[in-house]
Protein chains: 2
Amino acid sequence: MPNSTTDLRRLILDATRSLLARNGYTNLSMRKIARKIGYSATTIYLHFENKDALFHALIDEGMNRLYESLYEVHTQYAEAPVERLRALCRQYIQFGLDEPEYYEVMFMLHPEHMERYPAAKYRRARRNLDLFAQALEDGVTEGVMAVQNSRVAASSTWAALHGTVTLLIAQRVDARIDHEAFITAAIDQALYGLLPRVRADPAVPEV
Amino acid sequence: MPNSTTDLRRLILDATRSLLARNGYTNLSMRKIARKIGYSATTIYLHFENKDALFHALIDEGMNRLYESLYEVHTQYAEAPVERLRALCRQYIQFGLDEPEYYEVMFMLHPEHMERYPAAKYRRARRNLDLFAQALEDGVTEGVMAVQNSRVAASSTWAALHGTVTLLIAQRVDARIDHEAFITAAIDQALYGLLPRVRADPAVPEV
DNA sequence: TTTTTTAAGTTAACAGCGTTAACTATCGTG
DNA sequence: CACGATAGTTAACGCTGTTAACTTAAAAAA
């Protein structure tokens with residue numbers, strides 16, 4: 001199956017990822033990718049419709065790698081939903097910090113660049129959120145979490161993690177704050193917010 | 001004090017904000033700003049060192065407007081830390097959704113564009129976080145919140161809000177999820193995560 | 001009043017960007 | 001041996017942020 005055509009496609013994707021990690025999204029261009037692999041810029045257009053489509057392919061690969069690492073956590077903590085959720089949160093944040101520029105492309109691209117993101121790729125990306133929703137549902141079943149709607153709660157938990165990663169990536173967290181303490185606090189706060197409360201305070205209804 | 005020089009500076013800032021709101025950050029250029037106010041592009045460089053400096057001025061104005069709206073909440077709920085924090089969260093998210101492109105410039109600019117952000121402007125921006133930290137400290141004093149380090153907890157709360165705003169702005173929240181339900185869930189989860197727990201679970205230490 | 005200096009703004013240009021159209025060279029097949 | 005397809009190229013268009021050099025008008029100094 002793999003001929004020289006698919007090899008070049010692979011070469012383009014690898015070069016893009018490499019340049020992305022080294023020089024960042026801002027300093028990346030079709031011409032630079034081409035120069036790195038020894039082809040002219042227009043050759044890339046023989047394998048990807050445009051720059052957006054090239055990044056869509058890269059995003060999809062990233063989503064799949066993220067899923068692999070989250071799924072490993074999922075199976076490791078199959079019997080402990082709270083600890084599983086905590087580990088999923090850690091893994092998600094670690095993924096973002098390991099390759100910040102890649103994370104940025106995956107989750108911070110402008111909606112106008114995502115309008116034509118293929119439905120099949122979108123469904124694959126959503127599997128990541130499903131792992132979080134599954135942990136919440138298991139937690140509710142076991143009575144160790146209190147959540148009204150697991151899909152909504154999974155999204156709000158994701159929002160907390162996404163905010164944590166993006167603030168760190170954008171270097172917006174105060175220099176006096178230890179990053180590890182910040183991450184731990186963010187995860188704990190999100191987790192505590194999902195635990196059942198003993199005496200319900202009327203001012204604070206269930207999530 | 002205001003002469004024609006400072007007037008033109010004001011004109012540039014207003015035109016930039018207007019174009020930002022209408023066409024977004026991606027479709028904004030020095031030439032377009034200049035065209036809108038009837039000057040040549042290089043005239044802008046007589047009032048701002050470069051594009052970054054122009055946006056730094058815009059960010060600073062945004063941070064001050066945010067502070068005004070948060071400070072109003074601060075005084076309104078002076079005696080109820082939990083309700084005050086909830087209202088601060090609502091106000092912050094509303095601010096982001098009211099002018100998404102402006103929020104993006106304020107909080108999502110690449111660190112390389114913020115390297116030369118002036119210290120005085122940075123201090124003004126941090127006052128916004130101080131209002132959150134104050135609410136947490138008041139809550140701890142009154143025994144209605146449990147927080148180890150108010151600065152860290154204020155940052156992790158901010159992260160949850162920032163994630164909520166950015167996911168909505170980037171249109172990454174699943175179409176099947178109601179935005180209002182998502183926002184409420186995110187705020188509630190962050191808030192619950194700060195409340196004191198009756199029986200401490202050894203698996204979940206304090207934030 | 002005349003000259004000189006300063007201020008405000010302009011035009012032209014540079015290197016780089018994503019993308020398209022037109023062109024060339026190579027290769028497998030009829 | 002010719003032909004059509006395939007893979008890749010060059011040239012070009014209209015953008016971008018930014019700099020240098022230039023003009024024009026007003027203010028200050030002679």
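Numbers restart at 1 for each chain; the letters A, B, ... are given by sequence-line order, proteins then strands.
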Separation of C:dA21 atom P from A:Asn50 atom CG, nearest Å, is 14 Å
Would you indicate whether A:Arg127, at its atom CZ, is surrounded by more than 12 heavy atoms from other residues, nucleotides or ligands within a distance under 6.0 Å? yes
Check: A:Asp14 side chain, A:Leu11 main-chain N or O, donor-acceptor pair, under 3.5 Å: no
Using whole Å, what does the distance between atom P of nucleotide D:dT16 and atom CG of B:Leu19 come to? 11 Å
Roughly how many Å is it from CG in A:Asp52 to P in C:dG18, rounded to a whole number? 11 Å
Within the side chain of B:Lys32, is there an N or O that forms a donor-acceptor pair under 3.5 Å with the backbone of B:Asn27? yes
Is it true that, when you exclude A:Glu142 itself, more than 12 heavy atoms of the residues, nucleotides or ligands shown sit nearer than 6.0 Å to its CD? yes
Axis-to-axis angle across the helix from C:dT1-D:dA30 to C:dG30-D:dC1, five pairs an end, to 10 degrees? 30°
Classify the ring geometry of B:Phe107 against B:Tyr103: parallel below 30°, tilted from 30° to 60°, perpendicular beyond 60°. tilted
Take atom CZ of A:Phe48 and atom C1' of C:dG18, then tell me their distance rounded to the nearest Å. 16 Å
Base versus backbone protein contacts along nucleotides 23-28 of chain C [heavy-atom cut-off under 4.0 Å; B, S, -]: ------
What parts of residues 21-46 of chain A reach DNA chain C, counting only heavy atoms under 4.0 Å away? A:Leu28, A:Ser29, A:Met30, A:Arg31, A:Lys32, A:Thr42, A:Tyr45
If I compare all heavy atoms of B:Ile44 with all of B:Met30, which pair ends up nearest, and what's the gap? CD1-O, 3.4 Å
Whole angstrom is fine here: how far is it from CG in A:Leu11 over to C1' in D:dA7? 15 Å
Does B:Arg65 count as lying over the ring of B:Tyr102, i.e. NZ or CZ under 6.0 Å from the six-ring centre, within 45 degrees of the axis? yes
Taking CZ from B:Arg9 and C1' from C:dG9, how many angstroms apart are they, rounded to a whole number? 18 Å
Aromatic contact between A:Phe48 and A:Phe55, with the criterion being ring centroids under 6.0 Å apart: yes or no? no
Ring centroid separation B:Tyr71 to B:His74 under 6.0 Å: yes
Please report the distance, rounded to the nearest Å, between CZ in B:Phe55 and P in D:dT16. 13 Å
Reference residue A:Glu61; test salt bridge (Lys or Arg N to Asp or Glu O under 4.0 Å); the match among A:Arg9, A:Arg10, A:Lys121: A:Arg10
For A:Tyr117, does the OH atom sit with more than 12 other heavy atoms under 6.0 Å from it, leaving out its own atoms? yes
